[in-house]
2 protein chains.
Amino acid sequence: MSDIDLIIQRLELRGHRVTQSRRRVLDAVLAQPAHFTVDDVLRATRAPRRRQPPVGRATAFRTIRLLLDLNVLCRILLDDGTLHYRLSTRGHHHHLVCRDCGRVEDFTQCDVEPLVRELAEAMEYDIDAHWLEVYGRCRACRQPTKEPARVR
Amino acid sequence: MSDIDLIIQRLELRGHRVTQSRRRVLDAVLAQPAHFTVDDVLRATRAPRRRQPPVGRATAFRTIRLLLDLNVLCRILLDDGTLHYRLSTRGHHHHLVCRDCGRVEDFTQCDVEPLVRELAEAMEYDIDAHWLEVYGRCRACRQPTKEPARVR
DNA sequence: TGACAACTGATACTAGGTCTCACTACACTG
DNA sequence: CAGTGTAGTGAGACCTAGTATCAGTTGTCA
Ligand SMILES: [Mn+2]
Ligand SMILES: [Mn+2]
Ligand SMILES: [Zn+2]
Ligand SMILES: [Zn+2]
């Protein structure tokens, strides 16, 4: 079963309609590089070679929000402060982002849970959420010899 | 030496002029609760009891940015995704935010450094930055008996 | 096949922030 | 203490990333 069918299945399972507009947004999302903004997606639905009509801006935002709720997408906080979106199947996880090529690694293992528990104890807080993003340069981008393939 | 004098000293040290507008923004910043937005500060410079003229919006944003560069302020990412500002003397640190009363604890100890180093090794990344915010409820806010003092 | 709710998209609006540019006021120089 | 050049200011336009409104459309199910 293809990616798009799996996502459509998840939509239907939650009682959401699978409309033409949502299909168009999904197509555009699946055609994106490692991560993207909502306007990247919107622009993609407007790409000249697409014969289908473009979706409205509100619908693009609404659909991305829906996909976020369904855990089809996750959000990445880039180091410049902008939020990007990315396909994701997992639940809670973190990102390691290469600031040169934009590559992203998800990580759940090597986790901050023990650290957070320790903090909870020390501060007497009841901790229920955290946000962690890590920035650096991947191996390929440190290689001075070959030009790194820009992931986005 | 008062807080404001220390900040002014830091401004002068870096070759910035200490203007009336900057003083007004500083006054407003020092009068804020635990954390605040730029518009909170802007509103404060416009408070009716202040006899001084209010600062322009662009100047408020420029001054906050400058104070951020001088490490007089730090940014806090709230769990609703909004950015707030907060007085800070330290360099790199993280925040533990109570989502009920808005109280914030800075933490540097109990750090993520080892975790980040481990990640760097495993992923072969050259890591140079990270962002961590933790959300929960402080002890006072878990106390059902007394109404918690809302910090902001 | 119709009814009805879910969905759409144009458009207005918001928050948070930057840019431009003519004007002002610091702070040093003599 | 006056003169001068540059840093800083503020009005306002503009920008990005969204949300709200609402009349019209479409998908679903009886
Ligand atoms: Mn992810
Ligand atoms: Mn802080
Ligand atoms: Zn890279
Ligand atoms: Zn609290």
Side-chain angles (χ1 to χ4, degrees), chain A residues 7-29 32 35-46 50 52-70 73-86, chain B residues 7-29 32 35-46 50 52-70 73 75-86 152:
Chain A
I7 298 170
I8 285 174
Q9 201 177 46
R10 213 183 297 193
L11 275 172
E12 285 171 338
L13 222 74
R14 299 284 200 100
H16 299 286
R17 291 180 182 171
V18 181
T19 61
Q20 287 310 305
S21 295
R22 284 183 178 160
R23 263 179 216 280
R24 272 175 235 138
V25 171
L26 277 178
D27 281 347
V29 160
Q32 293 299 306
H35 43 92
F36 49 85
T37 63
V38 177
D39 282 306
D40 289 335
V41 168
L42 198 55
R43 247 187 315 274
T45 72
R46 292 184 179 148
R50 307 211 174 240
Q52 306 188 309
V55 301
R57 217 171 83 92
T59 299
F61 276 100
R62 283 190 285 239
T63 306
I64 296 294
R65 203 200 318 162
L66 180 59
L67 295 176
L68 218 44
D69 288 349
L70 296 175
L73 297 179
C74 62
R75 296 198 298 175
I76 300 183
L77 179 65
L78 296 192
D79 57 341
D80 67 1
T82 60
L83 270 179
H84 278 223
Y85 299 85
R86 165 175 160 84
Chain B
I7 298 171
I8 285 174
Q9 200 176 48
R10 214 185 294 194
L11 276 171
E12 285 171 338
L13 221 75
R14 299 283 201 100
H16 298 287
R17 291 182 183 170
V18 180
T19 63
Q20 287 310 306
S21 295
R22 283 183 178 159
R23 264 178 215 279
R24 273 175 234 138
V25 172
L26 277 178
D27 282 346
V29 160
Q32 294 299 305
H35 42 91
F36 49 85
T37 64
V38 178
D39 282 307
D40 289 335
V41 168
L42 198 54
R43 245 186 315 273
T45 72
R46 293 186 179 146
R50 305 209 178 246
Q52 305 189 309
V55 301
R57 215 170 84 94
T59 299
F61 276 100
R62 283 191 284 240
T63 306
I64 296 294
R65 205 199 319 165
L66 179 59
L67 295 177
L68 219 44
D69 288 349
L70 296 176
L73 298 179
R75 297 198 299 175
I76 300 183
L77 180 65
L78 295 193
D79 57 340
D80 66 2
T82 60
L83 268 180
H84 279 223
Y85 299 86
R86 166 175 159 87
R152 67 154 286 112

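The chains referred to below are lettered A, B, ... by the order of the sequence lines, with proteins before strands, and numbering in each begins at 1. Note that this is a predicted model, so its numbers are computed, not measured.
Going from atom OH of B:Y85 over to atom C1' of C:dG16 covers 8 Å, rounded to whole Å. Atoms CZ (A:R65) and P (D:dA20) sit 7 Å apart, rounded to a whole Å. Nucleotide C:dT18 holds its P atom 14 Å from the CG atom of B:L42, rounded to whole Å. When rounded to the nearest whole Å, the span between CG of A:L83 and P of C:dG17 equals 13 Å. Rounded to whole Å, the distance from NE2 on A:H84 to C1' on D:dG18 is 14 Å. Rounded to an integer number of Å, the gap from A:H35 NE2 to D:dA17 C1' is 17 Å. If you take CG of A:L78 and P of D:dT16, they are 16 Å apart, rounded to a whole angstrom. Regarding B:L73, its CG atom lies at a distance of 12 Å from the P atom of C:dG17, rounded to whole Å.
Closest non-hydrogen pair, A:A60 versus A:L42, comes out as CB-CD1, 3.6 Å. Across all their heavy atoms, B:R23 and B:V18 have their closest contact at NH2-CG1, 3.6 Å. Nearest heavy atoms, B:P53 versus B:R24: O-CD, 3.1 Å. Listed here is the closest heavy atom pair of B:V55 and B:R46: O-NH2, 3.9 Å.
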Between the protein and nucleotides 28-30 of chain C, are there any N/O to N/O pairs under 3.5 Å, and if so, what are the atom names and distances?
none

Produce the list of close N/O pairs, under 3.5 Å, pairing protein atoms with atoms of nucleotides 6-12 of chain D; give distances to one decimal.
unit_1	atom_1	unit_2	atom_2	d
D:dT6	O2	B:R17	NH1	3.4
D:dT6	O2	B:R17	NH2	3.1
D:dA7	O4'	B:R17	NH1	3.4
D:dA7	O4'	B:R17	NH2	3.3
D:dA7	N3	B:R17	NH1	3.3
D:dG8	OP1	B:R17	N	3.3
D:dG8	OP1	B:R22	NH1	2.9
D:dG8	OP1	B:R22	NH2	3.4
D:dT9	OP1	B:T19	OG1	2.6
D:dT9	O3'	B:S21	OG	3.4
D:dG10	OP1	B:S21	OG	3.2
D:dG10	OP2	B:S21	OG	3.4
D:dG10	OP2	B:G56	N	3.1
D:dG10	OP2	B:T59	OG1	2.9
D:dG10	N7	B:R62	NH2	2.5

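Between the side chain of B:R22 and the backbone N or O of B:R17, at least one donor-acceptor pair lies under 3.5 Å. Under a 3.5 Å cut-off, the side chain of B:R10 and the backbone N or O of B:L70 do form a donor-acceptor pair.
Checked for salt-bridge contact, A:R43 and A:D40 meet the test: a charged N lies under 4.0 Å from a carboxylate O.
When only modelled atom types and interatomic distance are considered, A:D39 and A:T37 share no side-chain donor-acceptor pair under 3.5 Å.
If you take CG on B:L83 and CG on B:L77, they are separated by 5.5 Å, rounding to the nearest 0.5 Å.
For B:D39, taking side-chain heavy atoms from C-beta onward, the closest of the listed nucleotides D:dT19, C:dG16, D:dG18 is C:dG16.
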